[in-house]
Amino acid sequence: MLDGWTQAGVDRADLAVRRPDGAMLWQSDCLLCHLPIPWARAHNVKQGDVYIRPARGYRWPLVFLDDVAVEKARIIARKYTSVVVHTSPSGGCHLWLRVAIPLDEHQRYRAQRWLVPRAGADPGSVSGEHLGRLAGMKNWKRQGVWVNVLDAGNPPLPAWDPDPAMQSAGH
């Protein structure tokens, strides 16, 4: 997952843990090579859900879509460079779609809004800065199933061109 992000040009991330009591713990604006993965694993073993996103405050060439059906996510990943993360049998996939140009948070929001109905993704996860689950951890919302990478952009495919979303009225 992180290799796919690195290949896209993402080098910083925010890591978060939601503890079973609902408290959120944050590690913000970390270099990917210095992410505190042992810290995240220690919390995940104690039934904390582990989330990640490219660090806020930067322009990134990734757009996040949540709850995409497995087959739809794979179809998209066969056309555009993407990281597809299977979060659970009932929850579907997170899709981290590589974009042809880096987008700021508002532009990512606009792209998400445009893509959600086309991908059948969750409209409630459109924000431009939404967190996704970190692969290699357990999803405790879904009884502790493993979160796994299904596709990581190999072989490299074109990035998605966000121009139609950026030019779309009403966003």
Side-chain angles (χ1 to χ4, degrees), residues 1-68 73 81-88 91-116 119 121-142 144-153 159-160 162 165:
M1 178 179 180
L2 298 178
D3 285 346
W5 284 20
T6 299
Q7 290 169 12
V10 174
D11 63 354
R12 306 185 79 76
D14 298 332
L15 191 62
V17 172
R18 177 177 288 128
R19 293 190 331 202
D21 65 5
M24 288 292 283
L25 307 175
W26 289 89
Q27 300 285 335
S28 298
D29 201 14
C30 299
L31 288 170
L32 290 186
C33 61
H34 294 298
L35 279 175
I37 300 298
W39 170 83
R41 282 193 179 128
H43 283 285
N44 191 236
V45 167
K46 297 176 192 169
Q47 299 191 359
D49 281 308
V50 180
Y51 302 96
I52 192 166
R53 66 179 172 212
R56 290 190 78 178
Y58 299 90
R59 296 170 62 87
W60 298 118
L62 286 179
V63 172
F64 173 76
L65 297 173
D66 188 17
D67 289 341
V68 179
T81 298
S82 307
V83 176
V84 178
V85 179
H86 191 228
T87 61
S88 72
C93 295
H94 290 332
L95 181 75
W96 294 95
L97 179 64
R98 188 164 176 183
V99 183
I101 58 170
L103 303 175
D104 65 29
E105 200 168 289
H106 181 70
Q107 291 169 320
R108 290 191 304 269
Y109 165 79
R110 288 178 60 192
Q112 285 175 307
R113 282 199 46 167
W114 192 86
L115 286 165
V116 158
D122 179 3
S125 296
V126 173
S127 64
E129 48 80 28
H130 211 77
L131 292 160
R133 291 186 180 276
L134 179 60
M137 303 291 169
K138 287 190 172 184
N139 177 348
W140 292 105
K141 179 180 174 185
R142 306 283 187 212
V145 299
W146 286 102
V147 176
N148 295 302
V149 173
L150 293 183
D151 193 302
W160 176 68

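Numbers for residues simply follow the sequence, beginning at 1.
Between Val116 and Asp122 the shortest heavy-atom distance is CG2-O, 4.1 Å. The two residues Pro102 and Gln107 make their nearest non-hydrogen contact at O-OE1, 4.3 Å. Shown here for Met137 and Ala40, the closest heavy-atom pair between the two residues is CE-CB, 4.0 Å. Listed here is the closest heavy atom pair of Ala111 and Trp160: CB-CZ3, 3.9 Å. What you find for Gly136 and Trp146 is that their closest heavy atoms are O-CZ3, 3.3 Å. The shortest non-hydrogen separation linking Val68 to Ala73 is CG1-N, 3.6 Å.
How far CG of Asp49 is from CZ of Arg19: 13.0 Å, rounded to the nearest 0.5 Å. If you take CD on Gln27 and CD1 on Ile52, they are separated by 11.5 Å, rounding to the nearest 0.5 Å. Note: Arg108 CZ to Ser127 OG = 9.0 Å, rounded to the nearest 0.5 Å. Note that OG of Ser88 and CZ of Arg133 are 8.0 Å apart. Values are rounded to the nearest 0.5 Å. Interatomic distance, Arg59 CZ to Asp104 CG, rounded to the nearest 0.5 Å: 5.0 Å. Once rounded to the nearest 0.5 Å, the distance linking CG of Asp14 with CD of Glu129 reads 9.0 Å.
Taking the six-membered ring for Trp and thresholds of 30 and 60 degrees, Trp5 and Trp96 have ring planes more than 60 degrees apart, a perpendicular arrangement. Between Trp60 and Tyr58, the ring planes are tilted. Angles from 30° to 60° get that label.
When atom types are taken as modelled, the side chain of Asp151 and the backbone of Val83 share no donor-acceptor pair closer than 3.5 angstrom. A donor-acceptor contact shorter than 3.5 Å is absent between the side chain of Glu105 and the backbone of Gly128. Judged by distance alone, the side chain of Trp140 and the main-chain N or O of Asn44 form a donor-acceptor pair under 3.5 Å.
Counting only heavy atoms from C-beta outward, the side chains of Pro162 and Val63 never approach each other to under 4.5 Å. Side-chain contact between Tyr109 and Leu103 is absent, with no heavy-atom pair separated by less than 4.5 Å. Two residues are said to be in side-chain contact when any heavy atoms from C-beta on lie closer than 4.5 Å; Arg142 and Thr87 fail this criterion.
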- Task: Any chance you could lay out the side-chain contact (heavy atoms from CB on, under 4.5 Å) test for Cys93 and Leu150, step after step, and finish with the verdict?
- Result: CA-CA 9 Å; Cys93 295; Leu150 293 183; 3.9 Å; yes
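Each of Asn139, Val147, Val17, Ile37 was checked for a side chain to side chain contact (heavy atoms under 4.5 Å, CB included) with Val50, and the lone residue meeting it is Val17.
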